[in-house]
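Since the structure comes first, as structure tokens, the remarks are kept for the end.
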Amino acid sequence: MKPKYYLTTPIYYVNAAPHIGHTYTTIAADAIKRFKQMQGYEVVLTTGTDEHGQKIERAAEAAGKTPQQFADVVAEEFRKQWEILGLSIDRFSRTSTPEHAEVVQRLFQLCLNAGYIYKGSYTGQYCVFDELYVSDAKPGDPCPECGRPTETVTEENYFFKLSAFQQRLEEFHEKNPDFVQPETRRNEVLAFLRKGLTDLSISRTTIKWGIPLPVAGNHVFYVWFDALTTYMSAVEGQTSTAGEPLWPADLHLIGKEILRFHAIYWPAFLMAAGLPLPKKLFAHGWLLFENEKMSKSRGNLVRATPIIKVLGADPLRYFLLREVVFGQDGSFSYDALVGRYNSDLANGLGNLSSRTLSMIRQYRQGVVPQPAIAEPPLAQPARDAISSAVQAFDRLDFSRGLEAIWGLISAADKYIVEQAPWKLAKQGEEARTQLDTVLYSAAEVLRIATTLLIPILPQTAERIWLQLGMPDAIDSVTLQGLDWGQLLPGQRIGEPAALFPRVDLQEAVDKLWQLEAEEKAYQARLLGQPEAPPPAPGAKAEEGVMQPIAEPISIDDFGKVDLRVGLVKSAERVKGADKLLHLYVDIGEAQPRSIVAGIALAYQPEQLVGRKVVIVANLQPRKLRGIESNGMIVAASLEGGKPVLAGFLEDVPVGARLK
RNA sequence: GCCGGUGUAGCUCAGUCGGUUAGAGCGACGGUCUCAUAAUCCGUAGGUCGCAGGUUCGAAUCCUGCCGCCGGCACCA
């Protein structure tokens, strides 16, 4: 009986339609699944959507839908995306289903019974958009993530006693050094743990769209308790064919941004409930677009669908797994994508297949010949490639594994040129056995490379399989025992056809940009969002999202703010803080004021001395890094950028009021 | 500021328990073959191995300092 292997992708939040970041994770998971299957496991792969929360409530409202309707639309987009890509998903989980709610409530109950849940209250500044409390913020402060104004919220919450698990979690991570990979991520987890843990608020009363707690009151679960539990609810009560329970998961594949929740919260929840913990966590890096972080606000998100249309799903899989070292950040660009397509797939694999099959047809009437020797020159390189590729894939190092396979492809190309079968064919009888060996070797390399590539290029592998005329179904092929010499002489090959027609770089890139603009517009319509202008081909969108305009105020309200012209008398860096400068500013008072401003990344202290600036003079004093700050400097704050100080074109006297 | 990582040819990277002329793939340029998807194959391209010191007979490889970049934390807006 096969051992089971249960792996998961994260569940994706339905505030956004699928983009290539989602695709990257899910493709990797699919490749892992196929690889594990070929190693003899019964594999279950789940993915799904995270649908609750205030952000969805509001997005739905803006789109004129109920939250459920809204979630339905986006969830369907994800499902379709994985279908178009041909991903082998066993279960698509949605947090808005009753089955899931039941498991979440049960997990809560277990934690409650064990004494790890208590009721408390919390007051703080809350950002609705990002659904997070902003620690240390004052009323009206903007959200650090999005810049939108925060709201003061007090609520009674249920708390999870995370602090009680610090030691157990540390011990767990010490004893399971492979639990979190790559290692650099593990170090982060340990560092975070050692700083100490505070209890976690796991419920909200401000949200309606969520799973109710099985207690009195209007509490619904807050994101992590709800979302993480999907990993369990997806396979609730299920076993493998052999009767082995699917939980615990063998691998959670995640992005690095959600590491902490998976490496700390999730094990703690499970420990509290007395349930088995997952076996492994792998945090992959981000896909950067031409070395910039992809984000909605930068407008440089890329979708997979245009790529599938122009090049196909397999080339996208190949690119993502070959170009990016799994676990590290990687750069995505259309140029690199098309480059890889032409050089590796068209000229490499595709051409080897084409020339090999064509020669067998021309010189041997389409029948795989019997090699004259048992150990042709390519036999050992092939064995080495099998061993390196399998080992690399096993540690999820796809790029290295693919390198090894392409090394074999190159060796075959080189061997073919050295042997020049087209010459052997003209030499008649005396070269006959030699030609047999050459043709067999080429076909055998093709068969071995194809077998190794099944997890990465499933569609292409199947096409080659048929073209080679392999008698057994490709689904039944395993990696166990894969070796040189298993291709049977006498086999009649199938119909050759080009696998990856070469494309013109510029034409392909233009087409990709055009389809991308259409896809982006389509997604915006789907989510009921105002349509963004399509990006100019190749242009990097730099405009950020317009921050919402604050509530209207009266002239009297404005009059409360005392803005003054000030002259910077001195400026120095604040020790121990990257962004802070300590200034003394003359605004016409007896003594210059001490003001601490977060502009050190944008301005050198010496640049500021003698400069006239605008000061909010009647702001409540506050201590920053132990230094008294009596006021605030007015600056344009660019999202994700450096602040730019307000100033005057004409000369103005110090102390003048702005109104 | 603290912690971790990283900086090698135009691009993506390999190479570090110190040791001959520092490597691969892609791209570029030149050439070759003709089975093949104007593919393959061969050759060329001269990179202060971030910078500066140090240890050593000898350092990309060890040590120290500095700089850049990335991540986490702190901090701020």
Provide the distance between the two [atom1] atoms, one in [N] and one in [M], to the nearest whole Å.
N: B/C63; M: B/G5; atom1: P; answer: 12 Å
N: B/C66; M: B/C3; atom1: P; answer: 12 Å
N: B/A45; M: B/U64; atom1: P; answer: 38 Å
N: B/U55; M: B/C69; atom1: C1'; answer: 29 Å
N: B/G18; M: B/C62; atom1: C1'; answer: 7 Å
N: B/U34; M: B/G23; atom1: C1'; answer: 31 Å
N: B/G47; M: B/C11; atom1: P; answer: 12 Å
N: B/C76; M: B/C13; atom1: P; answer: 36 Å

Report the distance from atom [atom1] of [X] to atom [atom2] of [Y], rounding to the nearest 0.5 Å.
X: A/Ile264; Y: A/His173; atom1: CD1; atom2: NE2; answer: 6.5 Å
X: A/Leu466; Y: A/Ile493; atom1: CG; atom2: CD1; answer: 12.5 Å
X: A/Asp397; Y: A/Phe326; atom1: CG; atom2: CZ; answer: 10.0 Å

Look for any protein N or O under 3.5 Å of an N or O in nucleotides 29-34 of chain B and output each such pair with its distance, or none.
unit_1	atom_1	unit_2	atom_2	d
B/C33	O2'	A/Trp422	NE1	3.3

* Asked: When the ring centroid of A/Phe165 is compared with that of A/Phe172, is the distance short of 6.0 Å?
  -> no

* Asked: If you check the A/Ser343 side chain, which of B/A14, B/C26, B/U40 turns out closest?
  ->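 That would be B/C26.
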
* To do: Ignoring the backbone of A/Ser410, work out which of B/C41, B/U40, B/G4 is nearest its side chain.
  => B/C41

* Asked: Below 4.0 angstrom, N of the basic side chain to O of the carboxylate: do A/Arg447 and A/Glu444 qualify?
  ->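 Yes.
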
* Salt-bridge criterion met for A/Asp178 and A/Arg186 (N-O under 4.0 Å) ->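 No, A/Asp178 and A/Arg186 are not salt-bridged.
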
* **Counterpart base for B/C73, defined by Watson-Crick or G-U wobble contacts under 3.5 Å** =>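 Paired with B/C73, as far as the under-3.5 Å criterion goes, is B/G1.
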
* Asked: salt bridge (Lys or Arg N to Asp or Glu O under 4.0 Å) with A/Arg340: which residues, sequence neighbours excluded?
  ->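 For A/Arg340 the salt bridge (Lys or Arg N to Asp or Glu O under 4.0 Å) partners, ignoring immediate neighbours, are A/Glu323, A/Asp344.
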
* Residue met sooner reading RNA chain B from 5', once A/Leu345 and A/Val417 are mapped to nucleotides ->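 The answer here is A/Leu345.
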
* Of A/Asp344 and A/Ala411, whose closest RNA chain B nucleotide lies nearer the 5' terminus? -> A/Asp344

Parallel under 30°, tilted from 30 to 60°, perpendicular over 60°: which one fits the rings of [X] and [Y]?
X: A/Phe393; Y: A/Phe398; result: tilted
X: A/Tyr318; Y: A/Trp406; result: tilted
X: A/Phe500; Y: A/Tyr341; result: perpendicular

Considering only nitrogen or oxygen atoms on both sides, find all protein atoms under 3.5 Å from nucleotides 69-72 of chain B and state each distance.
unit_1	atom_1	unit_2	atom_2	d
B/G71	O2'	A/Arg185	NH1	3.2
B/G71	O2'	A/Glu188	OE2	2.9

* To do: Identify, with sequence neighbours excluded, every residue that meets side chain to side chain donor-acceptor pair (under 3.5 Å) alongside A/Glu174.
  =>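 Applying side chain to side chain donor-acceptor pair (under 3.5 Å) to A/Glu174 gives none.
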
* **Separation of atom CD1 in A/Ile416 from atom P in B/U40, rounded to whole Å** =>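 Computing the A/Ile416:CD1 to B/U40:P distance gives 12 Å.
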
Within the sub-3.5 Å range, which N or O atoms of nucleotides 6-11 of chain B have a protein N or O partner, and how far apart are they?
none

* May I ask you to verify if any side-chain N or O of A/Gln362 is less than 4.0 angstrom from the OP1 or OP2 atom of B/A36? =>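 Indeed, a polar side-chain atom of A/Gln362 lies that close.
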
* Give a yes/no answer on whether the side chain of A/Arg502 brings an N or O atom under 4.0 Å of OP1 or OP2 in B/A39. =>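 Looking at the OP1 and OP2 atoms of B/A39, one of them is under 4.0 Å from a side-chain N or O of A/Arg502.
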
* Asked: Quick one: side chain to side chain contact (heavy atoms under 4.5 Å, CB included) partners of A/Gln362, sequence neighbours excluded?
  -> A/Ser358

